[in-house]
Amino acid sequence: MSRFHSSVSRRDFMKALGITGAGIGTAAVASATFNDIDGMITSGAAPKRPWWVKEADKATVEYDWSQIERFDARKVMNSPMGPPQWVSTEEWARVQKIAADNQADWIKAGKPGYTLRDHALYKGAMGGEGSPGVTNYSWLGPQKSPTPEKLGTTPWQGTPEENTAMLRTALRFFGAADIGILELDENVRKLVYTYPRVAPYKRYEFEEVDKGYEDDEKWVIPSKKKLYVVTIISQSSIDGYTTTPSWMQRAASDNTVRLNAGILAATQEFLRTLGYQAMAGHERNALGPAPAFAALSGLGELCRNTQVLTPDYGLMIRAVRLITDLPLAPTKPIDAGIWRFCHDCAKCSEACVSQAIPHDKEPSWDVPGGWNNPGKKVWYVNGVKCQSTREMLTRDCGLCMTACVYTKKDYAGIHNIVKSTISTTGLFNGFFKNMDDQFGYGTEFGPDHNPLQGDFNEGAEDFWVKNMPQFGVNSMIGLKNR
Amino acid sequence: MWFIIGLIVGALILGLIWLFRKSNFNLNWYEWIIGLIGLALILFTIQNFFGSLAEMESKAAAMFWLVTGLPGLILLAVTWQLTARRAKKA
């Protein structure tokens, strides 16, 4: 019989532990940590969500499954195949020349944020992605760990809730911040790309088979089994991002990408030894759009710059996903007032060097170009403007992510007051955005003040003398014992 | 930090109560309210000041003194003046 969702009360639980006599103090500690036994067991090692993050039946962004079709990721502007489809050859050659000249000139001149040391940090953080380097993504993983058959046993058995908690614990241990789970049903299948963003350009196929596999032409997802998409988010360093525009910002992003590759491989091996499959992508943005999977599985809400904004980590995350046949309990979308707040904020749009993020109060169903997949009412980013400017800033920008009101460390108590108020009412959204500006949060850089105009981030070099937490992030966010 | 602040605030409140008893004096209800709001604002400011410094947000740290710290100090000063003038009259 399953031990979950039983009628065991907390009192019985305490009795069973033999510590009933420990008294009110112990009970108070237990009650502060979890509300009931099921809550404790299903939460795994994840921190308890703040009270103002509410579960919802549907993601806060409007979307229409009937308009969504499987998308060819080779169309996006940050695919090597993208620019030739949307930009003239001459224009893209001009952008690439500016990018190459800027890189050479800025390194030579030792511009703040663009010194050789900063460039080396970025390249080191990447770990030789795709070279092959230390960050090799693969469809089925390393496949070196033993299977249950090899160990003379049978696959791991547990309820979906138990398995979810186990997986969350393992992934927190491997370095992830949190996971979200979606059943790969008929609708969610539409989010799986037809072709990936970067080479090898093999097709993602659903086939009536038991096991996933790959050959020279396709990555195969087995249709015979009930499958789940696990979206994994890991933190990026806010200390790196706040140096932007700089290569330390890019390093902060790629540091997480490198970690995520390791987490994926570790998870694939973990699931293999448990007796289950885990199909991941061959690169950081494989399988399907991270914001869609993350928003639908409650890791955050979609936001103005069409990324997923998390209540705890803001935009300081990178996400990867895998598909598994381990039975899991899907996680629900959330409503923390974030999507509503974006209607009144637009701080990311103001900071955008290329002005690629719309300033309009209301989102739209209309896509600006073929690089977007329609079917959702959002502020579609002009990918051509965004990617061209990122290239000229020598591969990345990150100003929209740094400017966001939610991009904060969590030491000052005011942030929780602001976020809980935003979740409760939209009345103060404009006020909070203005106060965020007045208090000097975010970034001073924008369309009229950036390295392309000769203005560099003089404070970027402080990165090298800061007290740096391990991995550049605060892994205790949401936990109480510090 | 909060342990030390707790000790200081506790000692101050005890000292205040001791002083009132010694001089056979008490605060009006509205003086208590104004004073406690002022104290709460100061404590809020202290937490956010040090929190902002830890976040490397020096402008935010300074702004907390201006936006919440100054009103807190004013409210404490108002409480002090109200009681001082009342004591003087008596």
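Per chain, numbering begins at 1; letters A, B, ... match sequence-line order. As the structure is a computational prediction, the values presented were derived from the model and not from experiment.
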Taking everything shown except [X] itself, do over 12 heavy atoms lie less than 6.0 Å from its [atom1]?
X      : atom1 : result
B/L14  : CG    : yes
A/F428 : CZ    : no
B/M56  : CE    : no
B/F20  : CZ    : yes

- [ ] Below 4.5 Å from any heavy atom of chain B, which atoms of A/I417 appear? Answer side chain, backbone, both or neither.
- [x] side chain
Considering distance alone, list the donor-acceptor pairs between chain A and chain B shorter than 3.5 Å.
from, atom 1, to, atom 2, distance (Å)
A/Y411, N, B/E55, OE2, 3.0
A/Y411, O, B/Q47, NE2, 3.0
A/A412, N, B/E55, OE2, 3.0
A/G413, N, B/Q47, OE1, 2.7
A/G413, N, B/N48, OD1, 3.2
A/I414, N, B/N48, OD1, 2.9
A/H415, NE2, B/E55, OE1, 3.0
A/H415, NE2, B/E55, OE2, 2.9
A/Q438, O, B/K59, NZ, 3.3
A/F439, O, B/A60, N, 3.2

Task: Contacting region of B/F64 [heavy-atom separation from chain A under 4.5 Å] - done: both
